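What you see is a predicted model; the values in this text were computed from it and never measured. A note on names: the letters A, B, ... follow the listed sequences, proteins ahead of strands, and every chain is numbered from 1.
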Amino acid sequence: MSKSKISLIVNGEKVELEVEPRKLMVNALRDDLGLTGTHVGCDTTNCGACTVIVDGKAVKSCTMFAVQASGREIKTIEGISKNGEMHPIQKAFIEKHGLQCGFCTPGMIMTSYWLLSNNSKPKEEDVRKCISGNICRCTGYQGIIDSVEYASEMMEKEKV
Amino acid sequence: MYTAKFDYFSPKSLGEAHEILKTKAPDVKILAGGQSLIPSLKIRASSYANIIDIGHISELKYIRKESSMLKIGSLTTVAEIEGSDIVASELLILKEAAEQIADPLVRNMGTIGGNLCHSDPVNDLPAVMLSTDAIIAITGPSGTRTVTAEKFFLGSFKTAITPEEILTAIEIPIPGKMHGSTYMKIKKDSGGFTIAGIACSINVDPNGKIGKARIAMTSVGPMAFRAASAEKELEGKELSDELLDKVSVLISKASHPLSGINGTDIYKHKIIAMLAKDAISMSYNRAKGASK
């Protein structure tokens, strides 16, 4: 049961890791790389607090072994701000009260990031469907949906 | 949560995967998207000494139309099926089932091959395979073989695949004109398991009489299964309210749901009868409207 050497790209930087094959992606991010923005919520593929982007697609990092990510590109919540400035989605979550306790927020933001990278002007229905794998126990979701729609407007303006 | 320890292999080709399987079977498990396997390993409902990750075998990832067949590589994700134009135009039932599976994040990882090999009675794609006369392609130490969906599913978490084999592709005959199909199900919440589901596929003749009918159910028995009595009752007839009533009773009778946290068996009998009526009339109307 030897350790496996893996090489992957995390938030734009090449990373080499030696991990037990059974180590989950979320644990490798948090424990080996110190990227604690990605949360362990339910640890049973339900809540989405551990959502990260793998090769451009949002996935639950509690339901993926780190070894599966070898050769792939990962983006976490730490990787979306630029030069210390928050991403428009992060700003929108503050502006539109998209969080209360904040535990689900990194997952919500990463799922929204994936949505907005495929669909720059999502309708409310699209947002609802897209975040259906992310659970929030505080906001009742409306603030989150408002935040994503507001982020989409801000990102459209920035493009112009 | 940590799974039990295992040795990990990540072959880059099917040939390489079979070399590893040859030496490690039978205490071995294929890892595709992992959306059923990893949760099961984490709660230690299962454990294997060797895990072979086929996630890097790109030759298993495709959706294409070959003459009258739709061919799907086993590593194709549920999200890719959901978003495929070919699937939407040639086999709407598969798109409809795909977009109802779990949530978008799970669909980004979960694969069609994994869904079928797992043969969980709550999985939706087995019923779709039964209703579309799908053929399952499998490679093993002595080459490739094909099995009909009917012969592939053997029971709860049991299929015709052996530990030395890999499911490589799914081949589904593309329906002709005057055909309609749909997949309908009930689940409690986005990521929730299917409480009851039904796959229906119907051909009609120009006079509106039903030709071939296929009806298969999810989550109301130990595995996905066809309701032969209902199929027979439909064939050769025009659809009427009386016929729908009769067939929905047959489907309910053919079902053997268990009581559990998602409802009692009595509730599930009622739900499957209701879904049956909706799915059969939707398929029939689609067939008459000649949309697939």
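Between the side chain of N108(B) and the backbone N or O of K57(A) there is no donor-acceptor pair closer than 3.5 Å. Counting only distance, with no hydrogens or angles, the side chain of K5(B) and the backbone of S2(A) share no donor-acceptor pair below 3.5 Å. At distances below 3.5 Å, not a single donor-acceptor pair connects side-chain atoms of R22(A) with backbone N or O atoms of Y2(B). The main-chain N or O of S70(A) is found under 3.5 Å from a side-chain atom of H56(B) such that the two form a donor-acceptor pair.
For T51(A), the part sitting under 4.5 Å from any heavy atom of chain B is the side chain, from C-beta outward, and nothing else. Proximity to chain A is absent for every atom of S10(B), based on heavy atoms less than 4.5 angstrom apart. Contacts of L41(B) with chain A are made by side-chain atoms alone, with heavy-atom separations under 4.5 Å and no backbone atom involved. Contacts of A4(B) with chain A are made by backbone atoms alone, with heavy-atom separations under 4.5 Å and no side-chain atom involved. Within the 4.5 angstrom heavy-atom criterion, atoms from both the backbone and the side chain of K23(A) approach chain B.
Closest non-hydrogen pair, P104(B) versus C130(A), comes out as CG-O, 3.7 Å. Nearest heavy atom pair, residue T45(A) against residue Q35(B), reads CG2-OE1, 3.9 Å.
Across G71(A), G48(A), S4(A), A58(A), the residue that shares the most heavy-atom pairs under 4.5 angstrom with chain B is A58(A). Most heavy-atom pairs under 4.5 Å with chain B: of the set T44(A), T111(A), N46(A), L24(A), this distinction falls to L24(A).
Open room surrounds CG on D85(B); 12 or fewer heavy atoms of other groups in view lie less than 6.0 Å from it. In F193(B), the CZ atom is not crowded: 12 or fewer heavy atoms of neighbouring residues, nucleotides or ligands sit closer than 6.0 Å. Around atom NZ of K12(B), more than 12 heavy atoms belonging to other residues, nucleotides or ligands sit under 6.0 Å away. Within a 6.0 Å sphere centred on NZ of K129(A), other residues, nucleotides and ligands contribute 12 heavy atoms or fewer.
To the nearest 0.5 angstrom, I43(B) atom CD1 is 11.5 Å from D43(A) atom CG. Atom CD of Q68(A) sits about 4.5 Å away from atom CD1 of I38(B), to the nearest 0.5 Å. The CE atom of M109(B) sits 10.0 Å away from the OG atom of S61(A) when rounded to the nearest 0.5 Å. C62(A) contributes atom SG, which lies 4.0 Å from atom NZ of K42(B) (distance to the nearest 0.5 angstrom). We find the CH2-CG distance between W114(A) and L105(B) to be 6.5 Å, quoted to the nearest 0.5 Å.
For residues 59-77 of chain A, the salt bridge (charged side-chain N to carboxylate O under 4.0 Å, His left out) pairs, not counting sequence neighbours, are D55(A)-R72(A), K60(A)-D103(B).
Residues of residues 19-34 of chain B placed with any heavy atom under 4.5 Å of a heavy atom in chain A are listed by number as L31(B), A32(B), G33(B), G34(B).
Inter-residue side-chain proximity for D7(B) and P21(A) is flagged as unmet; no heavy-atom pair is nearer than 4.5 Å.
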